[in-house]
Amino acid sequence: MGNDAALTDITAARRDLETAHGLPNAHYTDPLVFEEEKHAILFSSWAGLAVTSEVPEPGDAKPITFLGLPLLLLRDRDGAVRVFQNVCRHRGMILVNEPRKIEGAIRCPYHSWCYSTKGALVSTPHVGGAGHNTHEAIVKDDLGLVEVRHHVWFNTVFVNIDGNADPFEVVHANLLERWGEFDQPMFAGGTESQLTLQVKSNWKLAVENFCESYHLPWVHPGLNSYSRLEDHYSIVERGHYSGQGVTAYQQLRGDTGKTFPDFKGLDDFWDAGAEYIVVYPNVLLGAQREHSFAIVLQPDALDQTTEQIHLFYAIPNTDEDLRKENAARWKVVFDEDVWAVEGLQAGRHAPGFDGGRFSPAMDGATHCFHDWIATKIDNYREGK
């Protein structure tokens with residue numbers, strides 16, 4: 001159920017593009033609004049948590065705190081990715097404190113209750129008294145780890161915390177069709193293909209920046225020299241994603257002309273086309289002919305976001321030097337965005353700023369995101 005009283009007036013964000021205003025400042029600066037959005041948006045949607053390559057082998061486990069929730073990303077013995085609440089069903093102790101390989105079972109460090117990698121409670125030492133490992137009141141089948149509803153797509157692990165969202169395949173049916181050609185294996189590069197950025201801004205500003213290419217000539221002059229503003233188009237979908245695309249993508253070539261192998265079976269569009277889409281609420285994806293990327297935004301606080309960036313390729317064990325060059329090129333682009341997004345955050349403290357206006361020609365994708373946020377909040381406030 002939602003709140004009885006509206007914290008902000010978001011009516012203007014739901015107007016048509018030509019007359020709409022952006023979300024009010026409080027959606028970037030007010031702790032109470034941040035708490036409302038946590039439930040109205042991030043817990044009720046299919047939010048990005050991680051990527052599958054963070055737990056590459058069976059038994060690999062990684063604890064992740066998502067908006068205060070202690071979660072455990074795990075690959076079970078059969079190779080399936082799972083997400084559990086990272087707490088023992090006995091007294092609520094945190095089970096795994098750092099990334100590691102689970103050898104045998106997941107053992108609680110407090111009273112040594114043990115769980116399989118599928119979450120089943122398998123051992124309760126001394127639970128019936130010293131030397132007695134069972135008790136009739138402790139039914140193991142009822143006390144497995146609490147599994148969090150999740151879905152894996154594009155190497156990304158999405159979670160629905162409140163458990164009430166429509167199935168991922170239903171929510172994102174249009175996007176799954178649009179990028180159906182990329183429903184194929186993607187392989188993580190080495191450690192150089194993983195980047196982490198700490199950004200002093202609200203998570204939504206990172207989304208808004210990624211949605212549009214309008215800022216390219218001024219924020220990314222190097223990128224704009226070979227991926228020009230005029231070669232970009234907006235991806236405007238009334239629903240659960242939006243973004244931008246380019247019709248003059250130039251793949252990276254090494255000193256000898258070597259390139260990464262292409263993904264299989266792609267349409268001719270992808271020879272010089274690429275698309276960059278925000279999967280609402282917090283996952284930024286890039287699709288090109290020979291590599292892709294996923295950026296999972298971790299909303300650490302009202303004005304603090306961690307960007308976890310992962311690059312993927314069509315085959316395993318691609319050329320290491322080329323991977324390093326590709327990662328370095330993307331790092332320049334992503335680093336250039338940081339100061340811009342942080343400047344947007346600082347600007348949201350100006351009391352006279354009314355959320356701003358949208359360029360009807362350039363900001364359609366960003367307006368879609370604001371409209372989606374406002375709709376989700378309205379539904380939450382109405383208890384829908």
Side-chain angles (χ1 to χ4, degrees), residues 1 35 38-39 42-153 155-171 188 296 298-300 306 308:
M1 292 295 290
E35 183 68 16
K38 180 172 74 173
H39 296 280
L42 293 157
F43 284 1
S44 68
S45 306
W46 286 101
L49 180 70
V51 297
T52 57
S53 55
E54 294 179 69
V55 285
E57 301 293 336
D60 287 347
K62 181 178 181 179
I64 300 174
T65 300
F66 181 71
L67 289 162
L69 296 181
L71 303 179
L72 182 64
L73 178 68
L74 178 70
R75 193 176 290 271
D76 70 21
R77 296 294 179 206
D78 293 329
V81 172
R82 295 177 177 267
V83 181
F84 298 104
Q85 292 185 11
N86 188 22
V87 293
C88 180
R89 293 296 301 277
H90 176 215
R91 303 301 303 150
M93 183 66 174
I94 295 295
L95 292 169
V96 180
N97 287 304
E98 59 185 13
R100 64 182 176 88
K101 176 80 73 175
I102 301 298
E103 303 290 351
I106 305 167
R107 187 185 70 83
C108 176
Y110 196 21
H111 297 100
S112 209
W113 284 28
C114 295
Y115 302 85
S116 75
T117 58
K118 296 182 184 296
L121 178 60
V122 295
S123 177
T124 54
H126 308 303
V127 72
H132 300 278
N133 298 333
T134 61
H135 191 284
E136 61 182 12
I138 303 299
V139 181
K140 290 180 183 176
D141 288 347
D142 296 339
L143 292 170
L145 297 181
V146 176
E147 190 155 10
V148 176
R149 190 180 181 208
H150 62 282
H151 185 89
V152 175
W153 178 71
N155 278 20
T156 305
V157 183
F158 296 85
V159 292
N160 172 224
I161 299 299
D162 72 7
N164 295 322
D166 288 336
F168 185 91
E169 300 92 330
V170 173
V171 173
V296 179
Q298 176 71 46
D300 298 319
T306 299
Q308 298 285 359

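Of the residues Ile161, Asn164, Asp162, the one that meets the side chain to side chain contact (heavy atoms under 4.5 Å, CB included) test with Ser44 is Asp162.
Residues Tyr110 and Met93 come closest through the heavy atom pair CB-CG, 3.8 Å. Between Val171 and Asp166 the shortest heavy-atom distance is CG2-O, 3.5 Å. The two residues Leu49 and Leu71 have their closest heavy-atom pair at CD1-CD1, 3.9 Å. In terms of heavy-atom proximity, Arg75 sits nearest to Thr52 at NH2-O, 3.3 Å. In this structure, Asn86 and Pro63 approach most closely via the heavy-atom pair ND2-CB, 3.7 Å. In terms of heavy-atom proximity, Glu147 sits nearest to His150 at OE2-CE1, 3.4 Å.
For residues 83-106, the pairs satisfying ring-ring contact (aromatic ring centres under 6.0 Å, His included) are His90-His111, His90-Trp113, with sequence neighbours left out. Within the structure, ring-ring contact (aromatic ring centres under 6.0 Å, His included) contacts touching residues 115-148 (residues at least two apart or in different chains) do not occur.
Under the rule for a side chain to side chain contact (heavy atoms under 4.5 Å, CB included), Thr65 has no partner lying at least two apart in sequence or in another chain. Qualifying salt bridge (Lys or Arg N to Asp or Glu O under 4.0 Å) partners for Lys118, counting only residues two or more places apart in sequence or in other chains: Asp76, Asp78. Phe66 meets the ring-ring contact (aromatic ring centres under 6.0 Å, His included) test with no other residue; sequence neighbours excluded.
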Pair Leu145-Leu95, side-chain contact (heavy atoms from CB on, under 4.5 Å): steps then yes or no:
CA-CA 10 Å; Leu145 297 181; Leu95 292 169; 3.5 Å; yes
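Contact of the Ile94 side chain with the Val87 side chain is registered, since non-hydrogen atoms from C-beta on lie closer than 4.5 Å. Contact annotation: the side chain of Gln298 approaches that of Ile64 to within less than 4.5 Å [non-hydrogen atoms, C-beta and beyond]. For the pair Leu42/Pro299, a side-chain contact is recorded, criterion being any heavy-atom separation below 4.5 Å from C-beta on. Counting only heavy atoms from C-beta outward, the side chains of Gln85 and Val148 approach each other to under 4.5 Å. With a 4.5 Å cut-off on side-chain heavy atoms, Leu121 and Arg89 do not count as touching. Using a 4.5 Å cut-off on side-chain heavy atoms (C-beta onward), Val81 and Leu73 make contact.
Residue Leu143 holds its CG atom at 9.0 Å from SG of Cys88, rounded to the nearest 0.5 Å.
Ring pair Phe168/Trp153 is tilted by interplanar angle, where 30° to 60° counts as tilted.
A distance-only check finds no donor-acceptor pair linking the side chain of Arg149 to the backbone of Asn160 [under 3.5 Å]. Although no hydrogens or angles enter the test, the distance criterion places a donor-acceptor pair under 3.5 Å between the side chain of Thr117 and the main chain of Arg77. Listed for the Thr124 side chain is a donor-acceptor partner under 3.5 Å among the backbone atoms of Asn133.
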Scan the side chains in residues 100-108 for donor-acceptor partners under 3.5 Å anywhere in the protein, sequence neighbours excluded, and list what turns up.
unit_1 : atom_1 : unit_2 : atom_2 : d
Lys101 : NZ     : Pro58  : O      : 3.2
Lys101 : NZ     : Asp60  : OD1    : 3.0
Arg107 : NH1    : Ser112 : OG     : 3.3

